[in-house]
Structure formats: C-alpha cells, structure tokens
Amino acid sequence: MKTTTRLLDLTAAMVLVVYVSFSPPLVSGEPGRRVSMTLVRDAAALGAFCLDGSLPAYHLDRGFGAGSNNWLLQFEGGGWCNDIASCVERAKTRRGSTRYMSKTVVFTGVLSNNASQNPDFYNWNKVRLRYCDGASFAGDSQFGNGTSLLYFRGQRIWNAIILDLLPKGLAKAHKALLTGCSAGGLSTFLHCDNFTSYLPTNASVKCMSDAGFFLDAIDVAANRTMRSFYSQLVSLQGIQKNLDPSCTHAFFPEPSLCFFPQYVLRFIKTPFFILNSAYDVFQFHHGLVPPSADQTGRWNRCKLNVTACNPHQLDALQGFRKDMLGALMNFFRNSTRGGMFINSCFDHCQSALEETWLSPTSPRINNKTIAETVGDWYFGRGEEAKEIGCPYPCDKTCHNLIPASTSDFLASNASGSGHNSRGTLTRSQVDLNDLM
C-alpha cells in the first residue's frame, strides 16, 4: 500500500504539473494571465494550516464590468496522502506547504479573462484555492510524535479562505460557481452545499467537478484499491465528521464510502455538473490497474499506449466506462438541475486549458464543446445539458494524455522534443513516464 500511496500522490500531482507548467499558449497567442498569491493571514487563529504548518493561500483575479458581482472558485488538485510517511514527504513539497509554491500562477481555461476563450465566465471574480492538506480540503486532525508534526486541517483551510473572501465581495455574490480538478474536483462534491450556505439566499449558486468522479472500482486483481486507500485517508485525517451526515447515516457502518462522489452525489442539493472522461487516465492507472494489481507488468505497454492493449485489456477498459456510466445513470435520468459531459478521451482534467475548454480543436460531443455545454447548463440555455460520448475508439476530438490512436502516436513522435509547432509542450505529447 505504501507504493500505491506514493504513486497516487505523485501521479495526480504531476498530472497537474502538466496542466499548469506546460500549458500551451491561449488560442489568440496571448500569454496566460499571471495572478499573485494571497496568504490567509487570519488562518492561524482558526487553526487552519498546511501539512507543514505554513499558512494557506489562494490567487484572486478580480472581476470587471457585468461580472463584478459574480464569483468562480476553483479547488486545486494534486492527489492525497493516507499514511504518515507519505504525508511527511508531501509536507516538504508544494503539495503540503505554501513555502514551496510558486507565488504566481497562470489563469487559463475556465479561469481565463479572455472573452473569446471563456465567454461565460471571463469577467467574473476568479479564485484558485491552493491545495496543501492532502485530503481534498476535508480533514480536521493532526499528528505529532516528537519528531514530526503534521496538520491535517483541510476543512479549516476551506473555511478560512471563504471567510477571507466574504468581505472582499463574495458575501454579495449574485452568481457563483464552485469547481475543481482531480482531487480538487472531489473537493467540489464534498463542499458544494456548504459553499451555498455562505452565500446570499437569492444568489445563483452551482458546482462543477472536473475529473473528480473517482469510482469505487474493482481493479483487475478483483480488489478495491481505491476503497482501501480512501478508508485509510478518512481515518488518518479525521475526515468522517466533515462528510455529509445524511450520507454517512445511509452508509453506516462504512462512512468512508461517502468520500466517493458516486455515493454522496444523491445527497447534494445544489445544482451540479459532472465533467469527466470515461477512461480517465489517473483512474485507469490507479483505480482499474493500480501497481499492486499488476506486479508482473502485463499492463505496462497498454497503460502507456492504448493501441498496444490486447482485446482482454480493452474489454476491461470498456467495463470501466460501463461502471462509470452505471454510477451516473440515476443522476442522468432523474436530476432536473444537473448537467454532465462524459467523453471517451484518455485524459484527466479538461477545464484547465484552452485547448480542451474552448478552442477550434477542443473535445466535442454532438458538436458542443465543454465550455459551451457548461455555459448552457449554468445559464439554462436550451434543453438539459447532459452529454455522453460514444465509446472508444469513436471520439476523434480528444486531446489524449497517452496515445490512443495511430494519429496520437505519430503526433507524439513527429516532433521529438515533445513540443507543438509553437514550441509549447502539449498534454498529448507528454510521455506518461514524466507523470509518475
């Protein structure tokens, strides 16, 4: 489990590095907007600390014009730590301490302030919540043994940031959207209704998870690796008391199941949008085929290049997609205020970059981009915004993180440097070895 723990932590973190550090230019060719970090100075009074005891932080890009009273908050992602050893190591990195974080970040995708690339949210107040607790902003405990001291205070960090933002205008929000990617996408499920409780009763408040619908999957060795991992995480970081009480009551005596979106979803009252790939690369590598389930390496080639998968492995991938859609079916059929965009790409996080959020080549279902679908859902334009793509390999609009077709493979090798024609590293051209 320690190996799995570290890989879960490192891979999710490094996937986010690809999105942030290697972001391609915006469609117009303009650089992304760099936004400075704000430390939450009053956090200490609330006991809200990162793993290492440093103060939590966020980045705020002020809205303007008609969007001045609207707010978009994005949880940063980056995996989890579920034992002391991995949390101690994490505390020495930007995933556990604001001391090691870049003091500015680039706002692109759903955070862009460019109207042509983010037409529905470009002029809103936009906030990126930095992730430094290792438990999706949900823990409330600490550990000390005389040698190491770890603060598991994600829930307090969430509260401290919100309290810092309320007097800056959030308390008077007209419209608001809470979102997040990966572990941050999971945070959105956990904090959606609580977010609503802070805002005016007449505000339009909605939530969107990107790549956060982590399944309670049975892996290829017939084990529930993610369930075991989350159970340890919930126990270590004191998360149970912060989970939805209706959910934990319904799933007693296994309250840690409520850390899984598929189980807590039906208890969320706030309108919700789910953006996910049915073949999410992180879940493929750590939910369906974790290292512990493939100790002989039979899946190695398949995990790095889908065209190398044998028929049995492809069947397992299609089975994973079927399980994801099955877990979403009640929401799809019965949620009158919900939305979804479930495509068939080998990807992870699709709202963070212009190339997947909104561009001439971004992913589409029924000829609608992710940005268009999310916007239609949020503003109630047209019919229900629920899109499910056809199964692999039919989707030709994907920006895959690993090669999933001959054209992907050729593209990744056409420029041996791994850069596109503009000299910028793209996700589909990043060797997955760089993510582990």
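Note that the coordinates shown come from a computational prediction; the quantities given were computed from them, not determined experimentally. Numbering of residues begins at 1 and proceeds along the displayed sequence.
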Practice problem: Please test Arg364 against Asp395 for salt bridge (Lys or Arg N to Asp or Glu O under 4.0 Å), starting from the C-alpha separation and ending with a verdict. | Solution: CA-CA 8 Å; Arg364 286 165 166 74; Asp395 191 339; over 6 Å; no
Quiz item: Does the ring of Trp377 carry Lys206 above it, NZ/CZ under 6.0 angstrom from centre and within 45° of its axis?
Solution: yes
Practice problem: Could you check Asp219 against Arg224 for salt bridge (Lys or Arg N to Asp or Glu O under 4.0 Å), going step by step and ending with a plain yes or no? | Solution: CA-CA 6 Å; Asp219 65 33; Arg224 290 189 183 270; over 6 Å; no
Quiz: residues 331-338 side-chain donor-acceptor pairs under 3.5 angstrom, not counting sequence neighbours:
residue	atom	partner	partner atom	Å
Asn334	ND2	Asn330	O	3.4
Asn334	ND2	Asn330	OD1	2.5
Ser335	OG	Gly338	N	2.9
Arg337	NH2	Lys269	O	2.4

Quiz item: For the ring pair Phe214 and Phe260, is the centre-to-centre distance below 6.0 Å?
Solution: no
Quiz item: Does the ring centre of Trp158 sit less than 6.0 Å away from the ring centre of Tyr131?
Solution: no
Exercise. Indicate yes or no: at least one non-hydrogen side-chain atom of Ile402 is less than 4.5 angstrom from one of Asn305.
Key: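 No. Closest side-chain heavy atoms not under 4.5 Å.
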Quiz prompt | Test salt bridge (Lys or Arg N to Asp or Glu O under 4.0 Å) applied to Asp280 and Arg321, step by step | solution = CA-CA 9 Å; Asp280 181 278; Arg321 174 182 181 271; over 6 Å; no
Inspect the surroundings of [atom1] in [X] and state if more than 12 heavy atoms from other residues, nucleotides or ligands are less than 6.0 Å away.
X      : atom1 : result
Arg298 : CZ    : no
Arg301 : CZ    : no
Lys241 : NZ    : yes

Quiz item: Phe272 vs Phe189 aromatic rings, parallel, tilted or perpendicular, using cut-offs 30° and 60°?
Solution: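 It falls in the parallel class, under 30°.
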Quiz item: Taking the six-membered ring for Trp, are Tyr230 and Trp80 parallel (under 30°), tilted (30 to 60°) or perpendicular (over 60°)?
Solution: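 Taking Trp80 first and then Tyr230, their aromatic rings stand perpendicular (interplane angle over 60°).
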Self-check item: Verdict with reasoning, His286 to Phe229, per ring pair (Phe, Tyr, Trp, His ring centres under 6.0 Å)
Solution: CA-CA 10 Å; His286 299 289; Phe229 183 90; 9.4 Å; no
Self-check item: Residue that, paired with Arg33, satisfies side-chain hydrogen bond (donor to acceptor under 3.5 Å, both in side chains) out of Thr108, Asp61, Thr104, Asn114
Solution: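 One option only clears the test, and that one is Asp61.
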